[in-house]
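Scroll down for the structure; my scribbles are underneath it.
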Amino acid sequence: MSIKNFLTLDSLSRNELESIINRALELKKETKQGEFKTTLNNRVLGMIFEKSSTRTRVSFETGMAQLGGHAIYLAPTGSQIGRGEPLKDTARVLSKMVDCIMLRTFEHERLEQFASYSNVPVINGLSDSFHPCQLLADLLTYQEARGSIEDKKVVWLGDGNNMCHSYMNAARIFNFQLVVVCPEEFLPNTEILKSSIKNTIIEHDPHNAVENADLVVTDVWASMGQESEHIDRKEKFMKYQVNSEIMSHTKDDALFMHCLPAHRGEEVTEDVLEGPQSIVWEEAGNRLHSQKALLEFLLI
Ligand code: CP
Ligand code: NVA
């Protein structure tokens, strides 16, 4: 049987993704009731982080522990990765010892190369181009709050980055309408846009874009690896800030999501982030349940 990876949402079919989300709902209910089934007894997840993380690390580590397995954290400091051992060598070595590997890295090609050398499933814990694990949690969160996302209007405000690309994939797979509003200089990748063009519209005016929106989503203006551009980007992105004035143009029951960490006063204001339309804390918590379901899907 061929190994299943989760490198982008397109690694799996809509049916498979839906079954993961439904299983996440079950796992969440069980966890809340204090029921823990050790479906991944003795299984080990290796986690390689070439960039910082709070949510991704803790959700995978907790998830493995709750399912009866174990997770090992590796970072450039303290492992041979930081001393120049090639990722393709690390992939082959870890494949002999662990059952699944999560990699957070820079260029998406690094992840693809890693997966091609791995004999166990590889999960994208975020690359410069995609963040599919976050989308599993976002889709679960929307479904819990409002039901099916199909045919809903989702507006992405800000940078055409890894999260935006994964939203574009999700719009095509789950058939919702995605309006992307970015400064001209920071539009999403053309090839990824082309592949989701039936469900994605590029709009330039944030006010027009959010009219009748069911969900507004944003993310930091300078992603990990772009820290030196932060000040310059702040000026260029100010018009795309999600604030209460912008949210007043959406549907009355519209929701706000952000993968976090958030920069208050930049891409989102404090009142929106902490306000009644924001479901960011539920969204962050759902990383645990959706990734437990993903791990079971890949490993059982
Ligand atoms: N949203 C997210 O992936 O958070 P971390 O960078 O803290 O893992
Ligand atoms: N776009 C952000 C997401 C962080 C979870 C980044 O890549 O830094």
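Atoms within a ligand are numbered from 1 in the order they appear, just like the ligands themselves.
The closest protein non-hydrogen atom to atom 4 (O) of ligand 1 is Arg55 NE, 2.8 Å. Summary of contacts: the protein heavy atom closest to atom 8 (O) of ligand 2 is Met224 N, 2.8 Å. The protein heavy atom nearest to atom 4 (C) of ligand 2 is Leu126 CD1, 3.8 Å. Among all non-hydrogen protein atoms, the one lying nearest atom 6 (O) of ligand 1 is Arg104 NH1, 2.8 Å. The closest protein non-hydrogen atom to atom 7 (O) of ligand 2 is Asn162 ND2, 2.8 Å. Scanning all protein heavy atoms for the shortest distance to atom 3 (C) of ligand 2 gives Asp219 OD2, 3.6 Å.
The shortest non-hydrogen separation linking Ser290 to Ala24 is CA-CB, 3.7 Å.
With hydrogens and angles ignored, the 3.5 Å screen pairs no side-chain donor or acceptor of Arg55 with any backbone N or O of Ala284. Looking only at distances, a side-chain donor or acceptor of Lys153 sits under 3.5 Å from a matching main-chain atom of Ala209. A donor-acceptor distance shorter than 3.5 angstrom exists from the side chain of Ser59 to the backbone of Thr56, with no hydrogens or angles considered. Of the possible polar contacts, none joining the Arg104 side chain to the Leu126 backbone as a donor-acceptor pair under 3.5 Å is found. Formation of a donor-acceptor pair under 3.5 Å by the Asp214 side chain with backbone atoms of Val154 is not found in this model.
Taking the six-membered ring wherever Trp is involved, the centroid distance between the rings of Phe186 and Phe237 falls below 6.0 Å. With ring centers used as reference points, His230 lies under 6.0 Å from His263.
Here's the thing with Arg104: none of its N/O atoms is less than 3.5 angstrom from an N/O atom of ligand 2. At least one N or O atom of Cys259 sits closer than 3.5 Å to an N or O atom of ligand 1. The N/O atoms of Ser223, backbone and side chain alike, include one that comes under 3.5 Å of an N/O atom in ligand 2. For a threshold of 3.5 Å applied to N or O pairs, the pair formed by Arg287 and ligand 1 contains at least one separation below that value. Residue-to-ligand polar distances place Leu260 within reach of ligand 1: an N/O pair is separated by less than 3.5 Å.
With Tyr142 as the partner, the side chain to side chain contact (heavy atoms under 4.5 Å, CB included) test is satisfied by one option alone out of Val217, Leu255, Ile21: Leu255.
Note that Arg57 lies outside the cation-pi zone of Phe49, set by a 6.0 Å cut-off to the ring centre and a 45° limit from the axis.
Shown in contact with Asn161 at under 4.0 Å from a heavy atom are these atoms of ligand 2, numbered in order with element: 1 (N). Proximity to Thr54 (heavy-atom distance under 4.0 Å) selects the following atoms of ligand 1: 5 (P), 7 (O), 8 (O).
Residue-level proximity to ligand 1 for Arg57 is absent, since no heavy atom of it falls below 4.0 angstrom.
Heavy-atom distances between His131 and ligand 1 reach below 4.0 Å in at least one pair. Using a non-hydrogen distance threshold of 4.0 Å, Lys51 does not register as a contact of ligand 1. Residue contact check for ligand 2: Leu260 places a non-hydrogen atom closer than 4.0 Å to it.
Between Leu178 and Met168 there is a side-chain heavy-atom pair separated by less than 4.5 Å.
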